[in-house]
Amino acid sequence: MRSGCRLFPLLLLALLRGLCHGREAAPGAVTCGSVLKLLNTRHSVRLHSHEVKYGSGSGQQSVTGVEASDDANSYWRIRGKSDGSCQRGTPVKCGQAIRLTHVNTGKNLHTHHFPSPLSNNQEVSAFGDDGEGDDLDIWIVQCSGTYWEREDAVRFKHVGTEVFLSITGEQYGHPIRGQREVHGMPSANHHNYWKAMEGIFIKPSMEPAKHDEL
């Protein structure tokens, strides 16, 4: 009993520290269930998809980068690697595995061993139906702190093939003229930094916090 009494204050202190740390991290953190746009900080374009399929490679739905900030096809939902692994409103940790689901088409950000059409890097596509795809939809959030903060530039490393979600500036012609190629690169560099932009960020209280437009 005496040993338990001595341990109780230590356990209580640890619990309080954990609660305080969670409150400090949550306000500026990207959370599970949030819907947002992602800006490539090097090339100033947002991650985008649409019902246009690649004419080569996998033939799956294409993923591109667009300059417009108000395009509704640039919204992505943050989800866990499996259902229940990323509860709505929970701050996303650095090193956490996530899926990015395209809001308008329900397909997941995906990559695989096909060459990308323009740069011959690794093709990035949108894959699956109603948010359900396969193991090649999973990405690791790489950031420097404890949580993915909205103001931070982060990288997304693919679990299955270990490439980084990247843009190097190649532009498409018809029918998606001016849009940039999105691809996977094996090295971490200035072409694969992304920042959370416009969207709705879910607070731990389950109340949506607006961040610009949606």
Peer 1: Over all heavy atoms of both residues, which pair between I167 and G65 is shortest? Give the atoms and the distance, please.
Peer 2: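 Closest approach of I167 to G65, heavy atoms only: CD1-CA, 4.2 Å.
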Peer 1: I need the minimum non-hydrogen distance between L109 and W139, along with the two atoms involved.
Peer 2: O-NE1, 3.1 Å
Peer 1: Just by distance, do the side chain of K37 and the backbone of D71 share a donor-acceptor pair under 3.5 Å?
Peer 2: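 At least one qualifying donor-acceptor pair exists.
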Peer 1: Enumerate the disulfide (SG to SG under 2.5 Å) contacts for residues 96-163, please, sequence neighbours excluded, ordered by first and then second residue.
Peer 2: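 Pairs touching residues 96-163 that pass the test: C94-C143.
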Peer 1: Any side-chain heavy-atom pair from W76 and T101 closer than 4.5 angstrom?
Peer 2: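 Of all side-chain heavy-atom pairs linking T101 with W76, none is under 4.5 Å.
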Peer 1: So do T64 and Y172 actually touch side chain to side chain, heavy atoms under 4.5 Å?
Peer 2: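 Yes. Closest side-chain heavy atoms under 4.5 Å.
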Peer 1: Applying side chain to side chain donor-acceptor pair (under 3.5 Å), can you list everything that pairs with S44, at least two apart in sequence or on another chain?
Peer 2: none
Peer 1: Please enumerate all residues that pass ring-ring contact (aromatic ring centres under 6.0 Å, His included) together with H112, with sequence neighbours excluded.
Peer 2: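 H112: ring-ring contact (aromatic ring centres under 6.0 Å, His included) contacts with H110, F114.
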Peer 1: Which heavy atom of R77 sits nearest to which heavy atom of G33, and what is that distance?
Peer 2: NH1-O, 3.3 Å
Peer 1: For the CG atom of L39 and the CG atom of L47, what is their distance to the nearest 0.5 Å?
Peer 2: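 Reported value, rounded in 0.5 Å steps: 10.5 Å.
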Peer 1: Counting C-beta onward and ignoring hydrogens, is there a side-chain heavy-atom pair between V163 and N121 closer than 4.5 Å?
Peer 2: no
Peer 1: Please name all residues satisfying side chain to side chain contact (heavy atoms under 4.5 Å, CB included) with N189, sequence neighbours left out, ordered by chain then number.
Peer 2: M185, S187, H191, N192
Peer 1: Atom CG of N40 and atom CG of L38: how far apart are they, to the nearest 0.5 Å?
Peer 2: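 Atom-to-atom, N40:CG and L38:CG are 10.0 Å apart.
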Peer 1: My understanding is that only residues two or more places apart in sequence, or in another chain, count here; which of them pass side chain to side chain contact (heavy atoms under 4.5 Å, CB included) with S85?
Peer 2: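 Counting only residues at least two positions away or on another chain, S85 forms a side chain to side chain contact (heavy atoms under 4.5 Å, CB included) with K81, S82.
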Peer 1: Yes or no on side chain to side chain contact (heavy atoms under 4.5 Å, CB included) for E198 and S69, after CA distance, side-chain angles and deciding distance?
Peer 2: CA-CA 8 Å; E198 304 85 2; S69 62; 3.9 Å; yes
Peer 1: So E123 and P115, do their side chains get closer than 4.5 Å, heavy atoms only?
Peer 2: no
Peer 1: Using only heavy-atom distances, determine whether the side chains of E181 and S119 contain a donor-acceptor pair under 3.5 Å.
Peer 2: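 Note: E181 and S119 side chains meet the donor-acceptor criterion.
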Peer 1: Are the side chain of H102 and the backbone of N73 linked by a donor-acceptor contact shorter than 3.5 Å?
Peer 2: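 Such a contact is found between H102 side chain and N73 backbone.
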Peer 1: Would a line drawn from the ring center of F164 to the ring center of W194 be shorter than 6.0 Å?
Peer 2: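 No; W194 has its ring centre 6.0 Å or more from that of F164.
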Peer 1: If you define the side chain from C-beta out and look only at heavy atoms, does anything of Q61 sit under 4.5 Å from T105?
Peer 2: yes
Peer 1: Are any of the side-chain nitrogens in K195 or E151 under 4.0 Å away from the carboxylate oxygens of its partner?
Peer 2: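 Looking at K195 and E151, the cut-off is met.
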Peer 1: Can you tell which of R46, R180, Q179 makes a side-chain hydrogen bond (donor to acceptor under 3.5 Å, both in side chains) with E67?
Peer 2: R180
Peer 1: In Å and rounded to the nearest 0.5 Å, what is the CZ to OG distance from R155 to S166?
Peer 2: 8.5 Å
Peer 1: With V52, which residues qualify under side chain to side chain contact (heavy atoms under 4.5 Å, CB included), at least two apart?
Peer 2: H50, S62, P175, I176
Peer 1: Checking T41 now: which residues fulfil side chain to side chain donor-acceptor pair (under 3.5 Å) with it, not counting sequence neighbours?
Peer 2: none
Peer 1: Run the side chain to side chain donor-acceptor pair (under 3.5 Å) test on H48 and S74 for me, step by step, so that the C-alpha distance in whole Å, both residues' side-chain angles and the decisive distance to 0.1 Å come before the verdict.
Peer 2: CA-CA 4 Å; H48 180 89; S74 300; 3.1 Å; yes
Peer 1: In Å, rounded to the nearest 0.5 Å, how long is the span from CG of D137 to CG of N108?
Peer 2: 4.0 Å
Peer 1: Output all residues satisfying side chain to side chain contact (heavy atoms under 4.5 Å, CB included) with H113, sequence neighbours left out; order by chain, then residue number.
Peer 2: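 So H113 forms a side chain to side chain contact (heavy atoms under 4.5 Å, CB included) with Q122, T161.
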Peer 1: Side chains of Y147 and D152: does their closest heavy-atom pair fall under 4.5 Å?
Peer 2: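 With C-beta onward as the side chain, the pair stays apart.
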Peer 1: With sequence neighbours left out, write down each residue that passes side chain to side chain donor-acceptor pair (under 3.5 Å) with E51, or none if nothing qualifies.
Peer 2: none
Peer 1: Taking the side chain as every heavy atom from C-beta outward, state whether T90 and V92 have any atom pair closer than 4.5 Å.
Peer 2: no
Peer 1: Between V66 and V45, is there a side-chain heavy-atom distance shorter than 4.5 Å?
Peer 2: no
Peer 1: Which hydrophobic side chains are connected to I138, either touching it within the sub-4.5 Å cutoff or through other members that do?
Peer 2: I140, V159
Peer 1: Name every donor-acceptor pair, under 3.5 Å, that has one atom in a side chain of residues 124-134 and the other anywhere in the protein, sequence neighbours excluded.
Peer 2:
| residue | atom | partner | partner atom | Å |
| --- | --- | --- | --- | --- |
| S125 | OG | Q60 | OE1 | 2.7 |
| E132 | OE2 | R79 | NH2 | 3.1 |
| D134 | OD1 | L136 | N | 2.9 |

Peer 1: Between T31 and I202, is there a donor-acceptor pair closer than 3.5 Å when you use the side chain of the first and the backbone of the second?
Peer 2: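 Such a contact is found between T31 side chain and I202 backbone.
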Peer 1: By ring-ring contact (aromatic ring centres under 6.0 Å, His included), which residues pair with Y193, not counting sequence neighbours?
Peer 2: none
Peer 1: To the nearest 0.5 Å, how far apart are CH2 in W148 and SG in C32?
Peer 2: 10.0 Å
